[in-house]
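Each remark here refers to the structure printed beneath this line.
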Amino acid sequence: MIQNSDFKKIVEENQERVRNTCFRFVKNRDDADDLAQDVFVQVFESLSHFREESELSTWIYRIAVNKSLDFLRKMKRKRRFGKFTSLFGIGEGNEEIIIPAQGNPHQELEEKERKQILDEAITKLPQKQQTAITLSKYEGFSNKEISSIMELSLSSAESLLHRAKRNLHKELYEYYKRKK
């Protein structure tokens, strides 16, 4: 049985990265915090079943990715039915995270626009490509770690990343071509 001090250490070592991983998917700090908490509840409940076929941290991030993707699927279903509730005047407000300004306002505006364009391009990718590119470019995981988190062979993960980059390049190229 796991000791409280051991579990506390696991949480301390992985908490920020799990929260950041969730945030990269759900784009809302409160939801990411809730998901991170859910991840560690599941880790605590399932730790006795961990088979050590991968690193503990890889297993934890797999749970974080799966919980984030499940959350997004639920939100997508809610949006489909949201049109009906909006007819009756019931709605949910969206929260946007505002990062305080720290420099040249013009540069910050351009940076925000580029980030928004990139985020929109990523959302147009198939789900597995979105996951792979998020883990690679935002979270800094290696291809080997991504293959383990996504439960793919290394060559499949590399191929998925290659397709994601190619599709992003095509989407961004078309965007900037239209903008000219």
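Atoms considered below: every heavy atom in the structure, side chains included; atoms not considered: hydrogens, waters and symmetry mates. Residues: numbered from 1 along the sequence shown.
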- Task: Under the side-chain contact (heavy atoms from CB on, under 4.5 Å) rule, what do I146 and L160 come out as? Steps first, then yes or no, please.
- Result: CA-CA 10 Å; I146 293 168; L160 195 60; over 6 Å; no

- Query: Counting only heavy atoms not in Q37, do more than 12 sit closer than 6.0 Å to its CD atom?
  - Reply: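 Counting neighbours around CD of Q37, 12 or fewer heavy atoms of other residues, nucleotides or ligands fall under 6.0 Å, so no.
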
- Query: Can you find a side-chain donor-acceptor pair between T21 and R17 that sits under 3.5 Å?
  - Reply: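 Side chains of T21 and R17: no pair found under 3.5 Å.
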
- Item | Flag for E139-N20: side-chain donor and acceptor within less than 3.5 Å | no

- Query: Are F71 and V41 connected, step by step, through hydrophobic side chains (Ile, Leu, Val, Met, Phe, Trp, Tyr) whose heavy atoms are closer than 4.5 Å?
  - Reply: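 No.
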
- In terms of hydrophobic clustering (I, L, V, M, F, W, Y; side-chain heavy atoms under 4.5 Å; direct or indirect links), are I117 and L109 co-clustered?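 Each belongs to a different hydrophobic cluster.
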
[X] and [Y]: which non-hydrogen atoms are nearest, and at how many Å?
X	Y	result
D31	N28	N-OD1, 2.9 Å
E45	H49	O-CD2, 4.4 Å
S136	L161	CB-CD2, 3.6 Å

- Message: Which residue in the set T134, L168, T131 passes side chain to side chain contact (heavy atoms under 4.5 Å, CB included) when paired with L125?
- Response: L168

Measure the shortest side-chain to side-chain distance between [X] and [Y] over non-hydrogen atoms and say whether it is less than 4.5 angstrom.
X	Y	value
R24	L135	no
I133	Y138	no
Q127	Q130	yes
K27	F25	no

What pairs of donor and acceptor atoms, side-chain ones from residues 55-70 against any protein atom, are under 3.5 angstrom apart with sequence neighbours left out?
| from | atom 1 | to | atom 2 | distance (Å) |
| --- | --- | --- | --- | --- |
| Y61 | OH | N14 | OD1 | 3.2 |
| R62 | NE | S148 | O | 3.2 |
| R62 | NE | I149 | O | 3.1 |
| R62 | NH2 | S148 | O | 2.5 |
| N66 | ND2 | R62 | O | 3.3 |
| K67 | NZ | Q42 | OE1 | 3.1 |
| S68 | OG | A64 | O | 2.9 |
| D70 | OD1 | R73 | NH2 | 2.6 |

In Å and rounded to the nearest 0.5 Å, what is the [atom1] to [atom2] distance from [X] to [Y]?
X	Y	atom1	atom2	value
L172	K124	CG	NZ	9.0 Å
E145	L154	CD	CG	11.5 Å
E171	L118	CD	CG	10.5 Å
E120	Q116	CD	CD	5.0 Å
E174	K170	CD	NZ	8.5 Å

- For the pair F44 and I10, evaluate side-chain contact (heavy atoms from CB on, under 4.5 Å) and give the outcome as yes or no after the intermediate values. CA-CA 10 Å; F44 183 79; I10 291 169; over 6 Å; no

- Item | R29 with D33: basic N within carboxylate O range, under 4.0 Å |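 Not counted as a salt bridge, because no side-chain N and carboxylate O are separated by less than 4.0 Å.
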
- Give the C-alpha distance, both sets of side-chain angles, the deciding distance and a yes or no for side-chain contact (heavy atoms from CB on, under 4.5 Å) between K165 and Q129. CA-CA 9 Å; K165 289 174 188 176; Q129 289 180 21; over 6 Å; no

- Item | Under 3.5 Å: donor-acceptor pair, side chain of S147, backbone of K144 | yes

- Query: Backbone N or O of E12 within a donor-acceptor pair of the Q15 side chain at under 3.5 Å?
  - Reply: no

